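Here is the structure we will look at.
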Amino acid sequence: MSVGPGMVRIAIHTVGVCGSDVHYYTHGKIGPFVVKAPMVLGHEAAGTIVEVGDGVSHLQVGDRVCMEPGIPDPNSRASRLGLYNIDPAVEFWATPPVHGVLTPEVVHPANYTFKLPDNVSFAEGAMVEPFAVGMQAAYKAGIKPGDTAVVLGAGPIGTMVAIAALAGGCARVIIADLAQPKLDIAARYQGVIPVNISKQNLVEEVRKLTDDWGADLVFECSGSPRAWESIMALPRPGGTIVVVGLPVEPAPFDIATASTRELRIETVFRYAHQYDRALALFGSGRVDLKPLISATFDFEDSIVAFDRAVEARPTDVKLQIRMAKD
Ligand SMILES: [Zn+2]
């Protein structure tokens with residue numbers, strides 16, 4: 001593929017394995033997106049610029065970068081409103097029929113390619129994509145300094161939402177899950193309070209910690225319809241629920257409680273305008289996601305990496321595949 005105006009060619013270095021990649025690997029589809037022809041997986045990537053097209057001024061050959069995997073139509077109505085993540089025309093890596101980037105090189109728009117600060121590794125650069133979801137959730141939540149948040153689900157996304165919420169000004173984040181190893185990993189971050197819902201009642205714990213007032217913000221990251229059965233009891237009056245996890249089945253939504261307590265509901269689809277903010281947090285040392293990288297595999301061992309991701313060990317947060325050895 002030639003490098004046209006406004007484009008760059010990137011030698012891929014590190015690619016994270018995402019839940020969506022694993023789902024295509026095992027099921028061949030996610031909802032309406034069905035894999036009909038062989039498709040390259042991977043969308044959480046960092047690499048090095050090897051060629052620069054005409055008109056690109058902010059990047060040069062040799063720059064270490066990470067990339068947004070979604071390319072919208074820049075002239076679409078959604079893009080012109082700044083909502084490029086929900087542009088119906090967006091093409092997203094490793095979403096059929098678009099190939100992903102577990103491949104030596106990719107040609108990509110320079111405007112969706114971000115230079116890594118010198119102190120941010122390729123491995124961390126490949127963490128920007130999943131962290132950007134947490135950033136988008138924190139941004140949509142409208143966090144105020146000193147807020148108390150609840151995060152439902154301590155998987156990779158829930159953990160990253162908790163870290164982004166703390167970076168965004170939350171004083172503390174109560175994170176809930178059934179799996180103790182996941183809670184233990186999240187609780188390594190200062191300000192995170194783990195609640196194991198197989199042993200503790202989350203509503204009671206939140207009431208205890210907030211003097212019966214409720215949490216300012218609740219992030220639903222479990223994707224479980226069951227979470228919606230009791231979620232309305234968690235926010236304070238006038239509080240906010242941010243929907244991050246996507247239940248496959250319809251979930252019960254208690255409209256009367258939401259209305260009588262004037263709860264605000266926000267939704268999140270991927271992210272927009274978050275990569276530069278995420279990289280600023282990594283570069284400043286305010287956010288360190290290295291403890292979330294559980295194992296790294298060489299490209300030749302990609303099948304091993306994917307099979308381990310299928311195992312879904314509770315001690316694994318993020319698995320990565322390295323295309324280059326150095
Ligand atoms: Zn991902």
Side-chain angles (χ1 to χ4, degrees), residues 10 12-31 33 35 39-47 65-72 84-86 90-96 98-103 106 108 112-114 116 122-139 151 153-164 182 219 221-223 243-246 248 267-275 277-279 282 287 289-290 292-297 302 305-306 308-310 312 316-323:
I10 302 137
I12 301 290
H13 187 286
T14 300
V15 181
V17 178
C18 181
S20 67
D21 295 315
V22 177
H23 207 84
Y24 285 125
Y25 181 68
T26 53
H27 290 73
K29 62 173 179 157
I30 296 178
F33 297 103
V35 181
M39 182 183 82
V40 177
L41 291 168
H43 62 262
E44 305 179 356
V65 294
C66 64
M67 295 76 80
E68 282 200 41
I71 310 170
Y84 65 88
N85 55 320
I86 47 172
V90 75
E91 291 193 346
F92 198 93
W93 284 341
T95 302
V98 181
H99 281 303
V101 292
L102 267 168
T103 186
V106 66
H108 201 60
Y112 294 84
T113 304
F114 299 81
L116 304 181
F122 288 114
E124 293 169 271
M127 293 293 272
V128 173
E129 197 279 333
F131 187 62
V133 177
M135 294 287 290
Q136 181 83 355
Y139 189 82
V151 171
I157 291 296
T159 302
M160 289 196 224
V161 166
I163 294 166
K182 295 184 185 187
F219 296 91
C221 303
S222 73
V243 186
V244 185
L246 298 179
V248 200
T267 54
V268 170
F269 185 62
R270 297 172 181 156
Y271 38 76
H273 315 288
Q274 301 301 340
Y275 264 54
R277 295 162 181 278
L279 284 169
F282 288 13
V287 166
L289 298 188
K290 289 191 287 294
L292 304 185
I293 302 169
S294 310
T296 307
F297 299 82
S302 294
F306 271 84
R308 169 139 160 202
V310 171
D316 280 349
V317 184
K318 181 56 69 182
L319 304 178
Q320 292 187 329
I321 295 170
R322 221 172 15 191
M323 308 295 296

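For ligands, and for the atoms within them, numbers begin at 1 and follow the listed sequence. Small disclaimer: the values here were computed from a predicted structure and weren't measured.
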So which pairs with a foot in residues 125-137 pass salt bridge (Lys or Arg N to Asp or Glu O under 4.0 Å), sequence neighbours left out? none
Around the Zn ion (ligand 1), what protein N, O or S atoms are found below 2.8 Å? Cys18 SG, His43 NE2, Glu44 OE2, Glu129 OE1
List for me each residue that meets ring-ring contact (aromatic ring centres under 6.0 Å, His included) alongside Phe219, sequence neighbours excluded, and say none if there are none. none
Apply ring pair (Phe, Tyr, Trp, His ring centres under 6.0 Å) to the pair Tyr112 and Tyr84, showing each step before the final yes or no. CA-CA 11 Å; Tyr112 294 84; Tyr84 65 88; 5.5 Å; yes
Please enumerate all residues that pass salt bridge (Lys or Arg N to Asp or Glu O under 4.0 Å) together with Arg308, with sequence neighbours excluded. Asp316
Kindly say whether Leu319 contributes a backbone atom to a donor-acceptor pair with the side chain of Ser294 at under 3.5 angstrom? no
What's the separation between atom OG1 in Thr267 and atom CD in Gln136, rounded to the nearest 0.5 Å? 9.5 Å
